[in-house]
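Report on the following structure.
Chain letters run A, B, ... following the sequence lines, proteins first, then strands; residues in each count from 1. Just so it is clear, the model here is predicted, and its values are computed rather than measured.
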Amino acid sequence: MNQALYIHNSLTRNRELFEPLNPPHVGLYVCGPTVYGDAHLGHARPAITFDLLFRYLTHIGYKVRYVRNITDVGHLENDADAGEDKIAKKARLEQLEPMEVVQYFTNRYHHNMDQLNVLPPSIEPRASGHIIEQIQIIQKIIDAGFAYESNGSVYFDLEKYAKKYPYGELSGRIMDDLTAQTRDLDGQGEKHFPLDFALWKKAAPEHIMQWPSPWSDGFPGWHLECTAMSTKYLGDTFDIHGGGMDLLFPHHECEIAQSTAALGHESVRYWMHNNMITINGQKMGKSLGNFITLEEFFTGSHKLLEKTYSPMAVRFFILQAHYRSTVDFGNEALQASEKGLQRLLTGIRTLDKLKPSEKSTIDLGDIEQKCYQAMNDDLNSPIVIAHLFDGLRIINLVHDGKETLSESDLEQLKRTYHHFTFDILGLKDEKQADNQTELVNGLVSHILEIRQQAKANKDFATSDNIRNMLTALGIEVKDRKDGFDWSIK
RNA sequence: GGUUUCUUGGCCGAGUGGCUAGGCAGAGGUCUGCAAAACCUUCUACGGCGGUUCGAAUCCGCCAGAAACCUCCA
């Protein structure tokens, strides 16, 4: 915790020093997926962004409780279908229990996250498991006078709320503008004021997912689950709330209103939002139908993909852009990331084999400190990566025998690369993770020794033959002045 | 229409007033039986027009183009 971390707070639109409420504890809440379909590249962005934050906070010594929800109820498909939610619709179309749909896509989401080396959160609550808590919050808001019942549904009284508290600060909205543009939503007639949003909706009899409440058999409003689950597990006031920028309005704006109305104060101290991933300059999203699922990336089964991309290539691609910038998908860019990542990982394998010398002939140049500085500057992962690439030069020069490093410098370099590459950026060397590695290492080394002898005898036919056979097995041989290097392609 | 944001070299992408990241691709070289790898060198950009300043990719104005949000969305 000797690191002074600055993060961009979306609410104040400023870079602020991060100071947790109860150090060394940090409470972090991030809006998770609605599990009615496979995760696409867009879902990888917040998952990786906040995984980076989670990992970094942990690395610098905080004890983080990371809550990321699963939305399994309460998002309406559109205005016209009188309140059928996405999961219920999927269940009806597939002739499944809604919870079967939820479980199926939750499992697949977890698998994708695991592939991307995204650590599981500390708590992963489901909206459907917290109906009681949501009802309690509605009751609190009613008791505070900021909600009213109308025909079995409960609405947030925004007009009244806005007289006492500011509304629209997070998203920069002005009430009058919003009022002028409000569309004719379902149930508009039950509302006192066009902008009032639903806290509880009375369900039609055929609605599959419904629960009893003091007002009607129905289901909770769209924004309530996050308020209920974040405050339940992190307290009435907690440190960081994250999510995609597209959730700023209305989702997070309504969360602020709900918790302020229920508790008398805001719950969130720092708001953080990741930007979108675009495809041909347009946001990648379900509603636009231009998304590529993570599964498709990993198997190459999408017409826009020229080849398969490994989970780590996708992760590295995302980390090479700052989380608050949009990042545009493209085969060329992805392949550049893939190659760059391989170079970095190869460099680290080389680093791990380097032997220390009496003294250093080259200056490490504060690479460790520079990496921390970049992370402390609102998680600037592209800069961290740039520093890691810079250091590769030193590693390769030492490997080539052109420079030397002292034991302490070498240790510092190894520590820096392992901390930042693996622990913080969360990359992993997929080739190294094989448990047969030792056997393969031994075999290949022996074979290459034989080849060395052939070379020494100028028997290039044999040496080339051995190399060709190894190449055919996917093993790349690199001759050096004295000896050889090899790696699995 | 309103609000907000963006426009960087062949591609991706950092950078908020001077020291002009990084990756990929390209070019030349060193090394090498050959190859690969590695290393060295090189390619020097900030949409347009004005303004502020000793100095602007970075600040201000206008214009052009694009996007996000305003409806579920990561």
Rounded off to whole Å, could you give me the [atom1]-to-[atom2] distance for the [X] and [N] pair?
| X | N | atom1 | atom2 | result |
| --- | --- | --- | --- | --- |
| A:R324 | B:A14 | CZ | P | 11 Å |
| A:N396 | B:C31 | CG | P | 19 Å |
| A:L334 | B:A25 | CG | C1' | 15 Å |
| A:Q320 | B:A21 | CD | P | 17 Å |
| A:K455 | B:A36 | NZ | C1' | 11 Å |

Does a side-chain N-to-carboxylate-O contact under 4.0 Å join [X] and [Y]?
| X | Y | result |
| --- | --- | --- |
| A:R343 | A:E338 | no |
| A:K370 | A:D390 | no |
| A:D479 | A:R451 | yes |
| A:D459 | A:K455 | no |

On the nucleotide [N], are OP1 or OP2 found under 4.0 Å from the side-chain N or O atoms that [X] carries?
| X | N | answer |
| --- | --- | --- |
| A:N274 | B:A74 | no |
| A:N380 | B:A21 | no |
| A:R343 | B:C24 | yes |
| A:S171 | B:U4 | no |

Using the side-chain heavy atoms of [X], tell me which of these nucleotides is nearest: [options].
| X | options | value |
| --- | --- | --- |
| A:F249 | B:C69, B:A38, B:G13 | B:C69 |
| A:K283 | B:A74, B:A21, B:G13 | B:A74 |
| A:K478 | B:G33, B:A37, B:G22 | B:A37 |
| A:D479 | B:A68, B:C34, B:G15 | B:C34 |
| A:A386 | B:C24, B:G2, B:G22 | B:G22 |
| A:H40 | B:A36, B:A74, B:C40 | B:A74 |
| A:M276 | B:A74, B:C70, B:G23 | B:A74 |
| A:L247 | B:A25, B:A68, B:A74 | B:A74 |
| A:K86 | B:C72, B:C69, B:A74 | B:C72 |
| A:P250 | B:C39, B:G13, B:U71 | B:U71 |

Euclidean distance for [atom1], [N] against [M] (whole angstrom):
| N | M | atom1 | result |
| --- | --- | --- | --- |
| B:G55 | B:A14 | C1' | 23 Å |
| B:A57 | B:A45 | C1' | 9 Å |
| B:U5 | B:U42 | P | 39 Å |
| B:G29 | B:C34 | P | 15 Å |
| B:C59 | B:G23 | P | 27 Å |
| B:C63 | B:U44 | P | 34 Å |
| B:G13 | B:G48 | C1' | 23 Å |
| B:G10 | B:G26 | C1' | 8 Å |

Within the 4.0 Å heavy-atom criterion, would you say [X] contacts the bases, only the backbone, or no part of the nucleic acid?
| X | answer |
| --- | --- |
| A:G172 | sugar-phosphate |
| A:M284 | base |
| A:F389 | sugar-phosphate |
| A:D328 | sugar-phosphate |
| A:L397 | sugar-phosphate |
| A:S463 | base |

Checklist entry - Taking for each residue the nucleotide of RNA chain B with the nearest heavy atom, is it A:D400 or A:H223 whose nucleotide lies nearer the 5' end? => result A:D400

Checklist entry - Pick the nucleotide of RNA chain B nearest each of A:V477 and A:G32; which residue has the one closer to the 5' end? => result A:V477

Checklist entry - Do A:K286 and A:F291 meet the cation-pi criteria used here (NZ or CZ under 6.0 Å from the six-membered ring centre, within 45° of the axis)? => result yes

Next on the checklist: Below 30° counts as parallel, above 60° as perpendicular, anything between as tilted: where do the rings of A:Y233 and A:H130 land?
Outcome noted: perpendicular

Checklist entry - Under 30°, 30 to 60°, or over 60°: which ring-plane class applies to A:H252 and A:H241, parallel, tilted or perpendicular? => result perpendicular

Checklist entry - Got more than 12 heavy atoms from elsewhere within 6.0 Å of OH, A:Y6? => result no

Donor-acceptor pair under 3.5 Å, [X] side chain vs [N] base:
| X | N | answer |
| --- | --- | --- |
| A:R467 | B:A35 | yes |
| A:K286 | B:C72 | no |
| A:K402 | B:C39 | no |

Next on the checklist: Suppose we define a pair by two distances each less than 3.5 Å, Watson-Crick or G-U wobble; what does B:U4 pair with here?
Outcome noted: B:A67

